[in-house]
Amino acid sequence: MASTIGDPGKGSKSTQSGQSGAKKLKKTKEGTSVEDKNETKDDEGSITDDIRNADFYHGLIPKTDAEALLKKEGDFVLRKTEHNSGVIVLCISVRTEADKVKHFVINTDASKSYFIDAAHKETSVSNLINFYKSTKTPLSAASNAKLKKAIERPPWGINHDAIFIIKKLGQGAFGEVYLAEYVSEKGREKVAVKTMKGEASRDARNKFLKEARMMRKYDHKNVVKILGAAVHEHPLMIVMECCEGGAMCSYLKKNGKTMPMKEKNRFVAEAAEGLAYLEKQQCIHRDIAARNCLLSGKNNIVKISDFGMSDDKAILHDDTLEKVPVKWLAPETLQDRIYSLKSDVWAFGVLVWEIYSNGAEPYPGLTRLQTRAKIVLTDYRMKMPDDTPTEMGKIALQCWDKVPDKRPAISAILPDLKKLADK
Ligand SMILES: Nc1ncnc2c1ncn2[C@@H]1O[C@H](COP(=O)(O)OP(=O)(O)OP(=O)(O)O)[C@@H](O)[C@H]1O
């Protein structure tokens with residue numbers, strides 16, 4: 001007899017793939033990226049590659065979300081769900097009638113066969129689904145549930161099972177950032193995974209995922225690309241291209257003194273290229289700084305990252321008293337909390353200073369409060385390091401014009417910056 005949710009088949013085990021209530025990240029063969037508090041005793045029915053890569057496998061989505069995806073009779077998805085007693089099982093959800101969706105647990109037996117109804121067993125879950133789909137055999141005689149159309153995951157939807165954590169890369173505001181392997185139909189690729197720790201509040205979750213929403217609009221060689229987000233299990237994850245070289249500020253601190261000037265000029269030009277692209281997309285980044293530029297590939301290509309604060313409104317008034325990067329802020333932001341594309345241009349000037357200062361902290365010797373006072377009250381500007389190319393120094397000063405409209409657009413200074421980098 002077929003077992004629907006709440007009714008596991010007798011004499012068989014449901015397919016198990018780990019347990020919920022997980023806390024710590026770990027690398028496992030089924031790609032589950034969380035470490036169970038209680039060891040999983042039986043994972044022989046765990047997620048296999050044929051399922052992981054299937055576009056109709058939706059991971060641990062709630063029943064109501066699955067039901068919303070199934071519009072017509074015969075529409076189906078494969079998903080994970082929490083069975084009685086906290087065990088995670090695989091199940092097929094299928095619309096049987098206009099107002100009814102049924103959920104069938106996939107069982108496995110000692111010989112590693114998979115089945116819904118013991119009358120028909122297959123050697124893999126995908127074979128089992130293919131059988132029911134191609135023969136139109138009902139999943140159970142009583143329900144008359146037939147598999148007709150597999151409903152795909154939404155674009156950007158990534159399952160946790162597809163992520164294999166390798167090691168920690170850094171610490172983000174919401175949680176750790178990891179190097180990981182992402183398995184998709186394209187194969188295996190190294191990625192960076194930003195995680196959100198704990199059971200986040202709705203507000204924190206939205207904030208975290210806003211970065212993913214912003215990033216997915218952009219496609220440029222000097223902007224970090226997002227591959228998708230995994231949102232149905234904890235920790236939430238944003239999956240993006242990995243920049244093995246890490247943050248530019250760390251690189252500058254370590255290598256700045258011995259770096260050829262040509263490379264520094266290139267860093268400026270590449271950051272400007274990414275920023276000019278964002279400017280064209282009307283994206284206010286709000287956190288342009290060397291710590292938020294990552295380096296990629298063996299040539300250390302600069303990529304702008306960290307869109308956690310970014311927005312696509314033309315001008316933004318942000319009254320929140322959250323931590324702000326004071327030393328990168330323009331006078332109008334410090335005074336009136338106004339952000340615009342031109343406040344990004346100011347921050348770009350500070351980034352140029354950081355590059356020629358080998359990753360030093362801007363406004364050396366000044367506290368954040370002193371910096372704010374000097375900029376707002378005395379119109380103070382930093383002196384560029386002695387060996388900064390003269391033209392670069394001039395451009396940085398233009399970026400620090402007190403009047404936002406008098407600062408150049410990044411697109412306007414880009415040709416000169418590129419010329420300098422090519423010299
Ligand atoms: N795509 C990536 N490739 C390689 N390393 C990365 C990537 N993204 C982030 N990191 C590493 O993780 C660190 C933290 O990331 P990031 O600054 O984006 O997090 P965050 O949550 O925005 O933190 P904050 O807001 O405090 O800057 C980075 O400094 C970098 O070392």
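Atoms within each ligand, like the ligands themselves, are counted from 1 in listed order. What's counted below: heavy atoms across the whole structure, side chains too, no hydrogens, waters or symmetry copies.
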Exercise. What atoms of ligand 1 come within less than 4.0 Å of a heavy atom belonging to M240?
Worked result: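 Counting atoms of ligand 1 from 1, those under 4.0 Å from M240 are 1 (N), 8 (N).
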Problem set entry | Subset of ligand 1 atoms that lie under 4.0 Å from at least one heavy atom of L169 |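 Selected atoms, number and element: 4 (C), 5 (N), 31 (O).
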Problem set entry | Within-cut-off N or O pair, E211 and ligand 1, under 3.5 Å |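 So ligand 1 has no N or O lying under 3.5 Å from an N or O of E211.
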Exercise. With only distance considered, is S305 within less than 3.5 Å of ligand 1 through an N or O on each side?
Worked result: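 In this structure, S305 places no N or O atom under 3.5 Å from an N or O of ligand 1.
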For this session: Could you name each residue pair satisfying salt bridge (Lys or Arg N to Asp or Glu O under 4.0 Å) that touches residues 288-302, not counting sequence neighbours?
Result: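 Sorted result for residues 288-302: D287-R291.
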For this session: Could you check which of Q171, K194, R291 puts a non-hydrogen atom nearest to atom 18 (O) of ligand 1?
Result: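 It is K194 that holds the nearest heavy atom.
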Exercise. Which option out of A247, G170, C243 puts a heavy atom nearest to atom 4 (C) of ligand 1?
Worked result: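 Among A247, G170, C243, the closest heavy atom to atom 4 (C) of ligand 1 comes from C243.
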Ligand 1 versus [X], non-hydrogen atoms closer than 4.0 Å: side chain, backbone, both, neither?
| X | value |
| --- | --- |
| A173 | both |
| L294 | side chain |
| E244 | neither |

Problem set entry | Side-chain donor-acceptor contact under 3.5 Å, H103 with S93 |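 On atom types as modelled, these side chains qualify, holding a pair under 3.5 Å.
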Exercise. Does K383 offer a backbone N or O that forms a donor-acceptor pair with the side chain of W353 under 3.5 Å?
Worked result: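 Between the backbone of K383 and the side chain of W353 there is a qualifying donor-acceptor contact (under 3.5 Å).
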Problem set entry | Donor-acceptor pair, side chain of R381 and main chain of D401, under 3.5 angstrom |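 Pair absent, no side-chain N/O of R381 close to backbone of D401.
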Exercise. So which heavy atom in the protein is nearest atom 11 (C) of ligand 1, and how far is it from that ligand atom?
Worked result: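 Minimum-distance protein heavy atom for atom 11 (C) of ligand 1 reads V177 CG1, 4.1 Å.
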For this session: Please write down residue, atom name and distance for the protein heavy atom closest to atom 24 (P) of ligand 1.
Result: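 In this structure, atom 24 (P) of ligand 1 has D306 OD2, 3.7 Å as its nearest protein heavy atom.
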For this session: Could you check E391 against K394 for salt bridge (Lys or Arg N to Asp or Glu O under 4.0 Å), going step by step and ending with a plain yes or no?
Result: CA-CA 5 Å; E391 297 93 317; K394 281 188 193 154; over 6 Å; no
Exercise. Would you call Y363 and Q370 a side-chain contact if the rule is heavy atoms closer than 4.5 Å?
Worked result: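 No, side chains not in contact.
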Exercise. Is there side-chain contact between I61 and L69, with heavy atoms separated by less than 4.5 Å?
Worked result: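 Side chain of I61 against side chain of L69, heavy atoms only: contact under 4.5 Å found.
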Exercise. Do the ring planes of W400 and W346 sit parallel (below 30°), tilted (30 to 60°) or perpendicular (above 60°)?
Worked result: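 Geometry flag for W346 against W400: tilted rings.
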Problem set entry | Geometric cation-pi criterion, R188 with F164: 6.0 Å, 45° |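 Here R188 passes the 6.0 Å and 45° test against F164.
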For this session: Could you establish whether C242 and ligand 1 come within less than 4.0 Å of each other, counting only heavy atoms on the residue side?
Result: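 Per 4.0 Å heavy-atom rule, C242 contacts ligand 1.
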Exercise. Heavy atoms of the protein only: does one fall short of 4.0 Å from atom 2 (C) of ligand 1?
Worked result: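 When distances to the protein are checked, atom 2 (C) of ligand 1 has a heavy atom within 4.0 Å.
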